[in-house]
Student: 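Before we start, here is the structure in question, set down as structure tokens.
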Amino acid sequence: MKIDPKTFIQDYHLNVCIQCGICTGGCPVKFRSPLNMRRLVKETFFTADPSQLLKRPELWACTTCSTCTLRCPAGVKNVELIVGLRSILTHQGEVPSTVRDAFENTFLHGNPWGRFRDRRADWAKDLGVKILGEETAETLLYVGCAPSYDPRVQNVSKALVKIFQKVDLDFGILGKKESCCGNEIRRMGEQTLFKKLAKDNLALFKKFGLKKIITISSHCFNAFKNEYPDMSIPVQHYTQVIADLIEIGRLKMSKGLETHTTYQDPCFLGKQNMIFEEPRKILSPIPGLNFIEMDRSRERSFCCEGGGGRMWAEGATEGTRNGEIRIKEAVALGAKVIATACPFCLLTLEDAAKISGLTDQIVVKDIAELVSEAM
Amino acid sequence: MKKIGVYICHCGTNIAATVDCNELVHFSSTLPGVKVTRDYRYLCSDPGQDLIKKDIRELSIDRVVVAACSPQMHEMTFRNALSEEGLNPYLLHIANIREQCSWVHKDREKATEKAKHILQAAVGRVSHHEALEARRVKISPSVLIVGAGIAGIQAALTIVYGGSKVFLVEKAPYIGGHMAQLDKTFPTLDCASCIFTPKTVEVVRNKNIQLLICSEVVNIKGYVGNFIVTIKKHPTYVDPSRCTGCGECMEACVLKREVLSEFEEGMALRRAIYIPFPQAVPLKAVVDKKSCLFLTKGKCKKACAEACKACAIDFDQKEELIEKEVGSIIIATGYDLFDPHLLPQYGYGIYENVITNLQFERLASPSGPTEGEILLKDGTVPKAIAFLHCIGSRDENANLYCSRVCCMASMKQAHLAKEKTGAEIYEFYIDINAFGKGYQEFYKRVREEGIFFIRGKGSEIFRRDGRLVVAAEDTLLGTPVEIPVDLVVLGTGLVSRHDSEKVAQVMGISLSPDGFFMEAHPKLRPVSTNVDGIFLAGCCQGPKDIPDTVAQASAAAAEVMSLATKGQIEVEPTIAWIDSELCAGCKLCIEVCPYSAIEFLDVKGISVVNEPLCKGCGACTAICPNKAARQNHFTQGQVLAEVEGVVG
Amino acid sequence: MNIAVCVKRIPKTAEADLFIEKDGKDIKKDHLVFHLNDWDSYAVREAAILKEKYGGTVTVLTVGPEESKEVLTRCLAMGADRALRIEKPISSDGHLMAKILAQAIKNQSFDLILTGVQAEDDGYGQVGVALAQMLGLPHAAIVTHIEIDGERALVRRELEGGIEEVLELKLPAVLTIQTGINEPKYVSLAAILEAEEKDMEEIHLEKIGLTPNEPLDAAIDQVFFPPVGKMAEILKGSPEEVVTQLTEIIKKKKG
């Protein structure tokens with residue numbers, strides 16, 4: 001597969017850039033890394049030889065939150081430019097060793113953590129969950145890699161199962177047949193691997209005659225909804241499903257949680273897919289949960305630095321991580337719980353709470369966990 | 001036997017480079033009825049036209065085909081040439097071998113083949129042409145002006161000085177439009193009210209201007225010189241002949257949940273009965289029927305009526321429909337401001353100290369909610385102010401166009417803010433559009449006053465440590481910045497009025513892709529529309545500053561005056577008529593006519609075309625099952641001959 | 001310089017559920033994920049680096065079944081020029097492997113032959129060294145650094161405690177490569193798909209004068225799970241109490 005940087009100008013509309021700087025101005029890593037999107041667009045446009053550009057470690061600092069692309073008044077495809085440059089690096093094999101491992105693990109084991117495929121559904125062992133292939137269901141709960149393997153995030157998966165079983169929502173999981181959705185793989189530049197994952201996953205979905213897919217992770221939701229070609233099965237993020245269930249009265253949350261809670265809009269759910277209301281429609285009715293809105297919320301939500309490959313690469317970032325800034329913002333707001341709807345936000349914010357020494361003042365919980373506690 | 005003269009134009013190389021004109025000449029001479037074929041480099045020139053005229057004189061040519069550019073360019077030119085030689089101008093047909101052939105194809109052989117077909121079609125058609133006489137219509141001298149902002153006012157005053165009558169219709173209860181809301185204007189820092197008050201006062205004083213406020217145009221019928229317009233006058237529930245503008249009613253109004261004042265851009269409240277602002281022209285109270293307790297709920301002791309010493313309040317006022325006959329119409333309906341709620345990253349509606357440029361104008365205005373002081377919502381003076389350019393303009397996510405005036409407005413406001421508060425002022429810009437007379441000089445002045453210009457579009461506003469922060473990049477230094485300020489003024493752009501589509505529909509005019517009303521030609525006919533007799537002035541045609549608005553209004557007035565002076569104009573005779581012998585009275589034509597131009601005569605049981613209203617669209621001709629309805633210059637014979645020429 | 005690298009396709013067993021075959025002589029491998037042996041991967045990369053520096057060609061060889069083609073493809077994507085697969089005999093015995101490789105290599109002229117130190121699955125560590133002996137070539141094992149100087153190789157070997165031994169060998173020579181000798185580049189899926197288009201040689205044992213049933217010097221007797229030990233004993237209590245309990249246990253066990 002030839003990636004020709006000369007097509008970048010056309011592919012990513014680099015020539016319409018008016019150099020206004022709204023991209024760099026809104027970039028979540030603008031103070032943490034030398035990455036300057038505006039300058040990168042101009043340099044890529046003018047360069048005859050991109051190899052100098054490719055040597056920059058800050059190309060891996062981008063979280064692909066897409067704030068730049070969403071705000072660009074000229075229609076430049078900023079994030080895709082980063083993905084394009086990363087694709088060249090990937091093709092040349094010049095990726096950080098941790099990214100290399102993530103790719104190779106995904107190829108061999110179907111998940112970037114390198115955990116054994118046979119272990120993927122261990123978290124659901126004693127929960128009475130249907131495994132598609134052994135039993136049938138029209139709705140797939142697509143679990144995802146972090147919710148399958150990471151012990152902290154497994155709690156979210158379990159909570160969600162509990163909720164669905166409580167409301168008699170019929171669903172199945174793919175078990176060890178499930179492979180990575182590829183969202184981060186594509187954003188890190190492994191286009192061929194992403195295409196393969198998409199192809200294999202789509203074949204699997206078709207094989208089981210699925211009518212609906214629910215995802216736990218905002219990243220998986222984004223991949224299926226926006227980046228998979230020929231995806232004809234409707235996809236929903238679990239917050240949309242739960243908000244619905246609450247609205248029609250099928251899910252009742254009667255236990256009070258008595259705590260001040262705020263919410264981190266995940267980039268892949270919020271600004272990229274405009275799902276802002278559903279999580280709030282779930283949190284507000286929980287008795288005792290005093291919902292406080294963070295200042296930087298919704299379209300201005302502050303990226304946790306978990307996406308776009310940042311789980312596996314630092315990209316020459318320095319200084320205080322956004323997660324720490326966010327945790328401190330939440331604490332200053334008076335929140336005792338910071339809720340989120342994305343495993344990467346969950347992990348980065350929790351880490352940040354630990355590093356900041358604020359674990360006694362605030363906990364990070366996924367919405368599914370809160371709902372499960374309040375049911 | 002017709003004697004057809006065919007004239008083929010090279011149009012320099014525009015046609016000749018792609019179409020083989022020699023071959024075309026040979027081909028032409030083989031067509032039936034063609035007496036003479038000539039070709040020339042530029043037929044529209046005098047010598048070119050002379051070729052045609054000579055042949056009419058000497059060879060008794062009685063039909064003319066000109067194979068050249070689009071009829072839109074020179075049909076008139078050649079028709080005039082025929083007329084000058086005494087030949088009826090409708091015995092001409094234009095074969096468009098430029099826009100429809102040489103300009104859109106590259107292959108010479110194929111293009112020439114196509115040109116032959118086009119020519120053949122024209123020759124076939126023209127032999128069926130008949131002489132037609134242009135209709136002459138009278139131009140009624142009165143003028144309707146829709147909108148009494150500075151554009152409408154300027155046009156109205158120019159026209160009445162020329163001697164015609166004007167009906168000036170305004171939706172709001174006051175005249176002056178957005179200009180009335182402005183404090184000082186750039187670049188001279190003239191006070192807006194001061195400069196236009198003489199004009200507004202004259203509008204009310206002048207007996208030849210009939211001002212209708214709280215009114216809208218709901219229907220127009222007719223055609224240039226003879227429009228019949230229906231104006232709906234909304235009830236204000238106050239008799240203007242009695243009201244003295246004392247304001248006692250406002251004080252007395254019992255409405256507790258006051259309404260956001262439109263004039264103050266929501267920065268102040270008003271009651272249900274109100275005078276929009278103390279210098280309003282006309283200075284009369286009006287009742288807002290949506291918030292008046294008596295009108296909406298029937299429950300009110302009408303304290304206003306009690307307080308009114310002039311007994312001017314009349315809750316029995318009804319809506320009126322007024323019909324007027326006018327010769328021309330000028331649309332001067334102005335603009336709306338872009339709604340910054342549509343760009344949530346700026347926090348408009350979330351942070352009370354993020355405001356639009358018009359809202360700032362009200363703060364700066366001495367008669368505004370803060371009496372001309374620049375204050376934050378809590379009443380304190382800001383120590384730092386940011387002006388963000390291009391909000392809602394030049395943006396794929398909002399409007400693509402530049403709103404033209406906001407750079408200057410921003411800098412003017414920065415100057416006023418600096419003068420009044422001494423605060424640190426930041427202008428976040430991408431380009432500085434200082435295009436007009438004195439504008440660059442003003443830009444220099446503003447820089448000299450110490451206002452900081454940061455080249456970078458504001459990316460978002462958020463709150464930190466109790467202050468508002470502007471996140472952007474200083475693109476000239478190449479460093480990202482987060483600048484804390486107290487007040488953010490968004491350079492919100494201009495958009496077309498929210499009811500433009502409705503107005504366009506009523507008037508029968510078009511909208512440009514940017515949503516503003518479309519002019520007939522962007523360079524050469526900037527105040528005309530595609531409807532004869534309807535003109536545009538001001539921001540309703542596109543964003544512009546006051547000098548350009550006034551200039552355009554005067555231009556529209558000039559067009560109107562030239563029609564009025566002429567007294568009559570010629571209108572195309574290419575309209576429909578119905579053969580009374582063949583008409584069966586089925587009324588299908590009446591159903592399809594978009595201009596309601598066909599009447600049914602009960603006595604005779606047939607349909608008849610009302611000539612002045614007919615625009616010659618051909619719908620009735622197409623639908624008539626008896627072929628009784630026909631269109632001049634588009635008869636069955638003519639059209640079919642053309643089709644045969646194309647496919648034959 | 002012409003370099004040969006001997007590689008092996010092995011199953012990844014960490015975290016996997018392992019089951020013993022019915023005959024007790026091997027583990028079941030059907031459900032396992034296979035890949036290129038880690039040490040061999042470093043060796044192939046090293047060969048590619050040496051090729052970049054000194055020119056020449058890189059040939060990879062493997063003794064394995066049809067499925068082994070996928071590791072050869074990977075090696076081609078990593079920079080190898082030629083790939084040769086020799087059909088696998090029934091036994092996987094290391095000494096036998098060395099014999100087969102020696103037969104395949106002896107008539108070709110290579111300046112340098114690389115193998116990994118050992119395989120991830122059986123960990124015998126003998127193929128490279130045995131190969132050197134059979135070919136009558138000098139060798140160095142557990143190599144962490146290679147420099148070539150005309151007809152000689154200057155190599156470093158890893159010893160315990162961070163000590164390195166520096167050796168000079170006359171070429172041709174056999175080196176067994178230790179992990180960490182270089183930083184492996186990522187091999188993109190696109191590069192692998194391109195490499196699939198390249199040609200590969202495949203030969204049966206008969207071609208090099210051997211049979212699938214060669215006599216063995218050693219044979220696997222039995223493969224079994226280690227005996228399950230007693231569960232760990234958890235000492236509870238305050239630090240002082242735990243220390244007391246612990247001291248008692250140590251005194252009892254005399255150690």
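Each chain gets a letter, A, B and so on, in the order the sequences are listed, and its residues count up from 1.
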Student: Scan side-chain atoms only and decide if C/T57 and C/D81 contain a donor-acceptor pair under the 3.5 Å cut-off.
Tutor: no
Student: Checking side-chain polar atoms at under 3.5 Å, does C/D111 have a donor or acceptor matched by the opposite partner on C/N2?
Tutor: no
Student: Which region of A/E190, side chain (C-beta onward) or backbone (N, CA, C, O), has a non-hydrogen atom less than 4.5 Å from a non-hydrogen atom of chain C, or is it both or neither?
Tutor: side chain
Student: For a 4.5 angstrom cut-off between non-hydrogen side-chain atoms, does A/F107 reach A/K196?
Tutor: yes
Student: Would you say the side-chain atoms of A/Q10 and A/T7 include a donor-acceptor pair closer than 3.5 Å?
Tutor: no
Student: Which atoms of C/L193 are under 4.5 Å from chain A, going by heavy atoms: the side chain, the backbone, both sets, or neither?
Tutor: side chain
Student: Name the region of A/R115, side chain, backbone, both or neither, that has any atom closer than 4.5 Å to a heavy atom of chain C.
Tutor: both
